Amino acid sequence: MYRYDEFDHDFVRARVAQFADQVERRLSGELTEDQFKPLRLMNGVYLQLHAYMLRIAVPYGTLSAKQMRMLAQIARKYDRGYGHFTTRQNLQFNWPALKDVPAILADLASVEMHALQTSGNCIRNVTSDHFAGAAADEVADPRPYAEILRQWSSIHPEFSFLPRKFKLCVIAAEHDRAAMQTHDIGLQLKRNAEGELGFAVFVGGGQGRTPMIAHKVRDFLPEEDLLAYVEAIMRVYNLHGRRDNKFKARIKILVHETGVEEITRQIEAEFAEVLKADLLRLPEDEIDRIRAYFAAPELAEKPARSGAFEAAKADSREFTAFAENNVSPHKAPGYGIVTVSLKPIGGIPGDASAEQMEVVADLAERYSQSEIRVSHEQNLVLPHVALDDMPALYATLAEHGLATGNAGLVTDIIACPGLDYCALANARSINIAQDLSNRFGSPERQEEIGELSIKISGCINACGHHHVGHIGLLGVDKRGEEVYQITLGGSADETAAVGTLVGPGFKTDEVGDAVETVVDTYLKLREGPDENFLAAVRRLGQKPFKEALYGAA
Amino acid sequence: MTPPVAATTAVQAFDDIEILDRPGAAPQPARSRDHLRRVPDPEPATSRPDPEGPLWRNGRFETDEWTMTAEDEAVGEGPAILPLERFLAERDGLGHRNAPLGVLVAAGESLSELIPHLTRVTLVVLSFPKFSDGRSMSTARLLRERHGFGGEIRATGDVLIDQMPLMRRCGVDSFDVQNPVTRKQLAAGKWPDVPFYLQPVGSSQQDEVAAGKRPWARRRAEAPRQAAE
Amino acid sequence: MSAPIQKSAAKTRAATQVVTGNRLTDGVVVYLDSAGGWSERLNDARVVEGAEALEAALAAGKAAEAAQVVVEAYPIDVKREPDGLRALRVREDIRARGPSVRVDLERPLGA
Ligand code: SF4
């Protein structure tokens, strides 16, 4: 993992001191809310329905056990004993008092964390594959590059007042687990024919009101040019992105309105100039230096097959479901990557209690090299677990409601906080997630349905990624009533696609039945259990689902 | 009318360059040195400290010796600022003038037509229509770093204290400050900068020294390490 | 999302309103009460009827903003029910009671 050096500590401490001063000036009345708001937002502090909300950056979703423990401690001391993991791999506290925020930030700084750039029209927390550094299918660990981007984008003087927020994502496998193509810039680490590392560069993805899948503007960018190229994109966007309309200000609109070919030309022209200045070439020893922080842990050699693991599978159905759904292939034989589900049946997606955070921290120390990841699906990940240890790990997870074997299944629902917390919401999302989770919760039903992602947003900002859910639900406000629109066929992986609206929305008490109808229609029409929901929708189109929901036209 | 460039200013400007050659400073790629200010700040003789003056420059409020030329007005005798378009349209007729010329570049306005004539202007005024509009941040960097502009770059518009340290790192060296709270804070000595930087910029208007082994880590030269604590 | 603190003060439609805001120091939902203070409980709120009374209550809200007591005071529609006041919009009902999905954190509405 990356470790702060003196400079990083100075940097974050200076920033905390600065914000502490601003909070004090606000509380004393020296700053009005209008003056204070942009300042607090730069430090991740929002005002939501019930209280302030503090959004803490978890860079590329990587946490140490120690950091997780600190989050638990903050949850207990300053919040109400829990936190919410978000689709941006961050953590939100829902109840901090403004007067306590400087103390919280100081606590965070002591474990090398901060809340910078989790809001505002700047470069936000850089996300990555939550299996990075462990996945069997990755070209190399993408996190060193994410870290380089994180550093470079921190309080960037030129790019802190962009037309709109800006999201970067770095992955390193063909299989996209991080929804890379829904980002403003997506980078896919790859090797060229000569075996050199570089990036395929995607620009202009985004969700919100006008969802778009990113376009590839470069097939191979040498790794040393990473920052130069990103700077070129940022500059074109900063100068030309629309500022007249908040809903048209993301780079996706610029790409769309300018045309991919022309925007690519502009980016390449700017890139050529940036190269000439020769300020931003990434020195190889700097890449190596950062990479060293992410060196693969030394794992004891193990045979690929674990007797203990197989025996536990033979023994218990729940464990088998867990092993099949929540354990993914690790680079090292005899190890697995464990998804710790924050989606208990009927629970609140992404919420974890302080106690659960501590359990995960303990388990990470015991079984996973002290490493934890946060996934954009709002689960936690223990990246380096020996198969031999799985039964013991499972038992402890189960004791704390963390062992639901549903990763990737219908109850692994993404839901934004919605109207239960969020000041921007039109409708609740969590209650709908809970209802659906209960409806589909039986292990048999989930297994029968197979891979299916339901994603729910409480408003068009789409924090719940509904556009790219196989089934997406969007809450809207219809004359004071919460109504949910259903989209079908979205996808967030390498086959990324925006779902299509299937028809008029459903009220709170109807939407559960409607989703069941969609799922039943799929089960009836699929070619077999091998054809998953997404494949079936792609083959069948909307028609049969429309008919099932609204009757034949 | 052209005020002579004060010799002391030239020396100061060279100090700016020298600082990067101090022991312990990061080796600068040859190119980026070219981007440092080679031309001293033009400091017309009329410029003087004035607590009520509109400009924040040289760490103090100063009078403004420049006149913004109104749309229907003839270009005046003294140092005059013209909107970019008008400058381009009238530049041939301005050749006989002795007084310095400044150009107002709107946020997001392209520099390409100005560049060939950049040597004729000693001031570029960049507009920030809203504090949240960062387009002129890019323009400032392009002027300094790509086009080697050594004159004064002035920020005007919604100039607030929290953006000023960032503007300065992008190459802005004077600020037309109207906001009363910002004026008060500046007068009180506030400068809300986190004096640790993670980006190489080719033209920061302040002294920055290398910090640690990283290629781009910098800290403000006058900021001792413990400044923040 | 970077967004307005609150949705713009909802257009009031019902006959009765109260003025609400979030307390500056901790963000907790509060209501202007009849003594001119701010209570965490909806049922303590000063219920106003008619444009004039609402204006006076809003003026008190603005004064509290200026005095660093609350962050943005705005009016909401309420209805008197047998067991007390009820905020009419779902959003305001949730603000009054706490997140609907966490009964353990439910806020007392007061007598
Ligand atoms: S999607 Fe809307 S309701 Fe949900 S968290 Fe984002 S802004 Fe709030």
Side-chain angles (χ1 to χ4, degrees), chain A residues 26-34 36-38 41-42 45-53 80-82 94-100 119-122 164-165 208 246 347-348 351 417-431 433-434 459 461-463 477 480-482 508, chain C residues 1-14 20-31 40-42 61-74 76-77 79 86-109:
Chain A
R26 172 68 184 117
L27 293 175
S28 74
E30 196 185 311
L31 292 177
T32 65
E33 185 61 22
D34 280 351
F36 180 61
K37 190 174 149 192
L41 287 175
M42 282 179 218
V45 180
Y46 289 68
L47 183 55
Q48 294 286 37
L49 291 185
H50 311 287
Y52 291 98
M53 180 267 274
R80 303 210 173 167
Y82 69 102
N94 297 306
W95 307 93
L98 179 60
K99 59 184 166 49
D100 292 335
S119 173
N121 295 337
C122 55
R164 199 79 176 81
K165 60 186 165 185
K246 182 177 146 185
I348 299 179
D351 273 15
L419 194 51
D420 278 304
Y421 293 95
C422 176
L424 298 173
N426 285 322
R428 278 171 282 182
S429 4
I430 297 169
N431 62 335
Q434 290 176 315
C459 80
N461 286 319
C463 305
D477 177 344
E481 225 181 329
E482 297 163 287
T508 309
Chain C
M1 316 289 327
S2 52
I5 300 161
Q6 304 288 358
K7 287 210 161 164
S8 57
K11 277 187 217 110
T12 52
R13 264 184 255 125
T20 182
N22 290 70
R23 195 155 57 203
L24 172 66
T25 51
D26 56 8
V28 165
V29 176
V30 286
Y31 302 92
E40 293 182 26
R41 293 178 301 192
L42 177 61
K62 293 290 152 207
E65 276 179 34
Q68 272 68 250
V69 178
V70 297
V71 178
E72 183 184 321
Y74 62 98
I76 60 167
D77 285 337
K79 195 164 87 185
R86 202 164 68 80
L88 286 184
R89 288 176 68 215
V90 186
R91 173 183 206 268
E92 290 305 327
D93 195 39
I94 290 173
R95 277 182 83 242
R97 295 166 195 272
S100 68
V101 292
R102 287 297 296 253
V103 279
D104 55 321
L105 300 178
E106 199 168 306
R107 284 156 56 94
L109 295 179

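Every chain is numbered from 1, with letters handed out A, B, ... down the list of sequences. Predicted model, so just to flag it, every value in this text is computed and none were measured.
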Honestly, the part of A/P417 sitting under 4.5 Å from a heavy atom of chain C is neither
Side-chain contact test, heavy atoms from C-beta onward, threshold under 4.5 Å: evaluate it for A/R428 versus C/V90 and give yes or no.
-> yes
Closest non-hydrogen contact found for C/R102 with A/Y421 is CG-OH, 3.7 Å
Tell me if the NZ atom of C/K62 is crowded by more than 12 foreign heavy atoms within 6.0 Å. yes
Original post:
Considering only heavy atoms from C-beta outward, does the side chain of C/L105 approach that of A/W95 to under 4.5 Å?
Top reply: yes
Nearest heavy-atom contact between C/D26 and A/A97 is CB-CB, 3.6 Å
- So, C/N22 side chain and A/L49 main chain: donor-acceptor pair closer than 3.5 Å or not? yes
Between C/V101 and A/Q434, is there a side-chain heavy-atom distance shorter than 4.5 Å? yes
Value for CG (A/D420) from CZ (C/R91), rounded to nearest 0.5 Å, stands at 12.5 Å
Any side-chain heavy atom of A/T32 within less than 4.5 Å of one from C/E65?
no
Check: So, A/Y52 side chain and C/T25 main chain: donor-acceptor pair closer than 3.5 Å or not?
Finding: no
So, the part of A/N94 with a heavy atom under 4.5 Å from chain C: the answer is neither
In this structure, CG of A/L419 is separated from CZ of C/R95 (nearest 0.5 Å) by 11.0 Å
